[in-house]
Every structure is written in C-alpha cells, then in structure tokens.
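Below: one structure, written as structure tokens.
Sequential numbering from 1 along the given sequence is applied to the chain's residues. Reckoned from all heavy atoms, side chains included, excluding hydrogens, waters and symmetry mates.
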Amino acid sequence: MKHRRGIDLTKGGRGQPIYVGDAEDVMRDVNSMMQWECIGGRCARCEREAWLDRWELQRGRSSIILSEVAQHLRCRACGNTVGNRVILGRLPRD
C-alpha cells in the first residue's frame, strides 16, 4: 500500500522478525530472553529460514535451553533433520 504522497506504508514486512544472527550461546535459557527477541531455525541443506513461536515452546515447561531446541528442528521444505541451527531475531519497532 502506498500513501498518496509516495510514502511506502508496507516497508519492512510488518510483524516479521528481523534476523540478528546465529545463536552463539546455545546454553542460553529461553526464559531469560527479552520479549522482543525471537527464536528461529535455519536448514543446513536448503538454507530455509523459519521462525518459531517461543511462547508455545515455553508453555508447560520451566526452562528450555536453545541446544535442546536445535536437536528437534526439522525443515518443512526438504525434511532435513541434521545440522540445523538456531537463529535469533528481534521484532520490529513499528
């Protein structure tokens, strides 16, 4: 959608996380993350990137470590389960 004066109102994909980088500290607890930080996964084979619902991950568990999340990642595009990495992002400040 464009404003009549040429301002692009849809820039940045509203609500989509912004990629920050790979999770360096895989022993980090999900509960210690800030609310605007996001958890995602990247496939080692096809480089597909997807974001997880961290609130769904935390439901019913007292603590979750990122290395545990990485072991359970499976790519929906190619089905790869080996070598997938946890990535971090942050929500845009719209």
Side-chain angles (χ1 to χ4, degrees):
M1 184 169 118
K2 261 199 157 167
H3 188 270
R4 61 186 168 93
R5 292 187 181 171
I7 302 169
D8 187 7
L9 299 176
T10 60
K11 185 178 179 183
R14 237 187 157 123
Q16 289 294 320
I18 300 167
Y19 175 75
V20 174
D22 291 344
E24 299 289 329
D25 185 11
V26 292
M27 296 308 290
R28 185 174 179 188
D29 189 3
V30 175
N31 294 334
S32 67
M33 295 175 68
M34 296 295 181
Q35 288 185 344
W36 59 81
E37 292 180 303
C38 301
I39 303 169
R42 176 172 286 158
C43 178
R45 187 185 303 164
C46 69
E47 293 294 320
R48 181 177 186 271
E49 183 178 289
W51 297 99
L52 305 171
D53 183 8
R54 68 178 270 206
W55 307 112
E56 186 69 30
L57 284 173
Q58 287 177 296
R59 187 180 308 169
R61 297 182 180 104
S62 59
S63 68
I64 300 172
I65 298 173
L66 291 179
S67 62
E68 295 173 4
V69 174
Q71 294 172 359
H72 298 287
L73 293 177
R74 180 182 59 85
C75 181
R76 288 189 174 180
C78 68
N80 181 34
T81 58
V82 179
N84 297 332
R85 296 180 312 219
V86 174
I87 58 174
L88 298 177
R90 62 179 170 81
L91 292 175
R93 295 180 57 160
D94 292 338

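Taking SG of Cys43 as the start and CZ of Arg74 as the end, the distance is 11.0 Å to the nearest 0.5 Å. Rounded to the nearest 0.5 Å, atoms CZ (Arg59) and CG (Asp53) are 8.0 Å apart. Between the NE2 atom in His72 and the CG atom in Asn84 there is a gap of 12.5 Å [rounded to 0.5 Å]. Here the CE-CG distance, from Met33 to Leu88, works out to 5.0 Å after rounding to the nearest 0.5 Å.
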CA sep, side-chain torsions, deciding dist, call: Val30, Leu66, side-chain contact (heavy atoms from CB on, under 4.5 Å): CA-CA 7 Å; Val30 175; Leu66 291 179; 3.9 Å; yes
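The two residues Ser63 and Asp29 come nearest to each other via the heavy atoms CB-OD2, 3.5 Å. For the pair Cys38 and Leu91, the tightest heavy-atom approach, listed with the atom from each and the gap, is SG-CD2, 3.5 Å. The two residues Ile87 and Gly41 have their closest heavy-atom pair at CG1-N, 3.7 Å. Nearest heavy atom pair, residue Leu73 against residue Arg85, reads CD1-O, 3.6 Å. When all heavy atoms are compared, the tightest approach of Arg90 to Val20 is N-CG2, 3.9 Å. Taking every heavy atom of both residues into account, Arg76 and Arg48 meet most closely at CB-NH1, 4.1 Å.
Residue Trp51 places its CH2 atom among more than 12 non-hydrogen atoms of other residues, nucleotides or ligands, all under 6.0 Å distant. By the neighbour-count criterion of 12 heavy atoms within 6.0 Å, atom CD of Gln35 is sparsely surrounded, having that number or fewer from other residues, nucleotides or ligands.
For the pair Val86 and Leu52, the minimum side-chain heavy-atom distance is 4.5 Å or more.
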